[in-house]
Amino acid sequence: MTTAETALSIGEVSALTGLTTHTLRFYEQEGLFAAPLRRNAAGRRMFTQKEVEWLKVCTKLRSSGMPLPEIRRYAELAREGAGNEAERFEILRRHEARVQQQVADLQEALGIIRTKVEIYAQHLTAGTADRLWRNGPECAPLADAG
């Protein structure tokens with residue numbers, strides 16, 4: 001760590017990233033950092049802004065469903081340095097495809113939910129909401145049900 005880099009404590013990084021100190025320790029144990037963490041003279045973990053930015057990437061990868069073993073592999077490759085860029089790219093490309101599929105699935109679900117909301121809105125306005133589900137699920141708006 002150069003003197004120009006600000007050393008951040010685990011508590012400060014927790015506040016900056018929203019990750020608990022337990023999660024930060026777990027991420028270190030699991031090998032999810034792109035570089036080994038440094039420690040101060042007292043043995044406490046010290047983070048740089050680069051590590052904070054990496055944690056933000058990890059958080060997005062996790063929240064988008066990337067499994068920890070894939071993040072670990074990506075971090076391992078990053079630690080190894082040049083020569084494995086194609087493998088890193090492939091990890092990200094596969095995850096991107098999964099996320100795109102998740103988005104498509106959510107868009108489809110949203111379309112169905114919007115239709116159901118419209119059906120309920122029409123029935124509530126017409127005063128016929130008590131009839132919903134009487135004979136099974138209603139799938140068509142009032143205008144289409146004739």
Practice task
Check step by step if side-chain contact (heavy atoms from CB on, under 4.5 Å) holds for K60 and K56.
Solution key: CA-CA 6 Å; K60 292 302 177 190; K56 289 177 181 178; 5.9 Å; no
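- A distance of 10.5 Å separates CD in E96 from OG in S64, rounded to the nearest 0.5 Å.
- Using modelled atom types, no side-chain atom of Q100 and backbone atom of R98 make a donor-acceptor pair closer than 3.5 Å.
- A distance of 11.0 Å separates OH of Y120 from OG1 of T128, quoted to the nearest 0.5 Å.
- A distance-only check finds a donor-acceptor pair linking the side chain of T115 to the backbone of G111 [under 3.5 Å].
- In terms of heavy atoms, A7 sits closest to M46 at CB-CE, 3.3 Å.
- Between the E51 side chain and the T48 main chain, a donor and an acceptor come within less than 3.5 Å of each other.
- Atom CZ of R114 sits about 12.0 Å away from atom CD1 of I112, to the nearest 0.5 Å.
- In this structure, V99 is not a member of the same hydrophobic cluster as V57, with clusters built from ILVMFWY side-chain heavy atoms closer than 4.5 Å.
- Of the charged side-chain nitrogens involved, at least one lies within less than 4.0 Å of a carboxylate oxygen, so that R73 and E76 count as a salt-bridged pair.
- We find the CG-CZ distance between L55 and F33 to be 4.0 Å, quoted to the nearest 0.5 Å.
- When atom types are taken as modelled, the side chain of E12 and the backbone of S9 share a donor-acceptor pair closer than 3.5 angstrom.
- Using a cutoff of 4.0 Å between basic side-chain nitrogens and carboxylate oxygens, E90 and R93 are scored as salt-bridged.
- There is no side-chain donor-acceptor pair under 3.5 Å between Q122 and T125.
- Distance check, rounded to the nearest 0.5 Å: CD of E70 to CZ of R72 gives 11.0 Å.
- Side-chain atoms of T17 come within 3.5 Å of backbone atoms of V13 as a donor-acceptor pair (strictly under, hydrogens ignored).
- Between the CZ atom in F47 and the CG atom in L24 there is a gap of 5.0 Å [rounded to 0.5 Å].
- Hydrophobic clustering (side-chain heavy atoms under 4.5 Å, transitive across Ile, Leu, Val, Met, Phe, Trp, Tyr) groups F26 together with I10.
- Side-chain atoms of W54 come within 3.5 Å of backbone N or O of L32 as a donor-acceptor pair.
- Remark: the backbone N or O of E87 is not paired with any side-chain donor or acceptor of N84 at under 3.5 angstrom.
- Contacts classified as salt bridge (charged side-chain N to carboxylate O under 4.0 Å, His left out) and involving residues 19-28 (residues at least two apart or in different chains) are given here: E28-R39, E28-R45.
- Among all heavy-atom pairs drawn from P36 and R79, the shortest one is CD-CD, 4.4 Å.
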Practice task
Decide yes or no on side-chain contact (heavy atoms from CB on, under 4.5 Å) for H95 and L61, but give the supporting numbers first.
Solution key: CA-CA 8 Å; H95 185 62; L61 293 174; 4.1 Å; yes
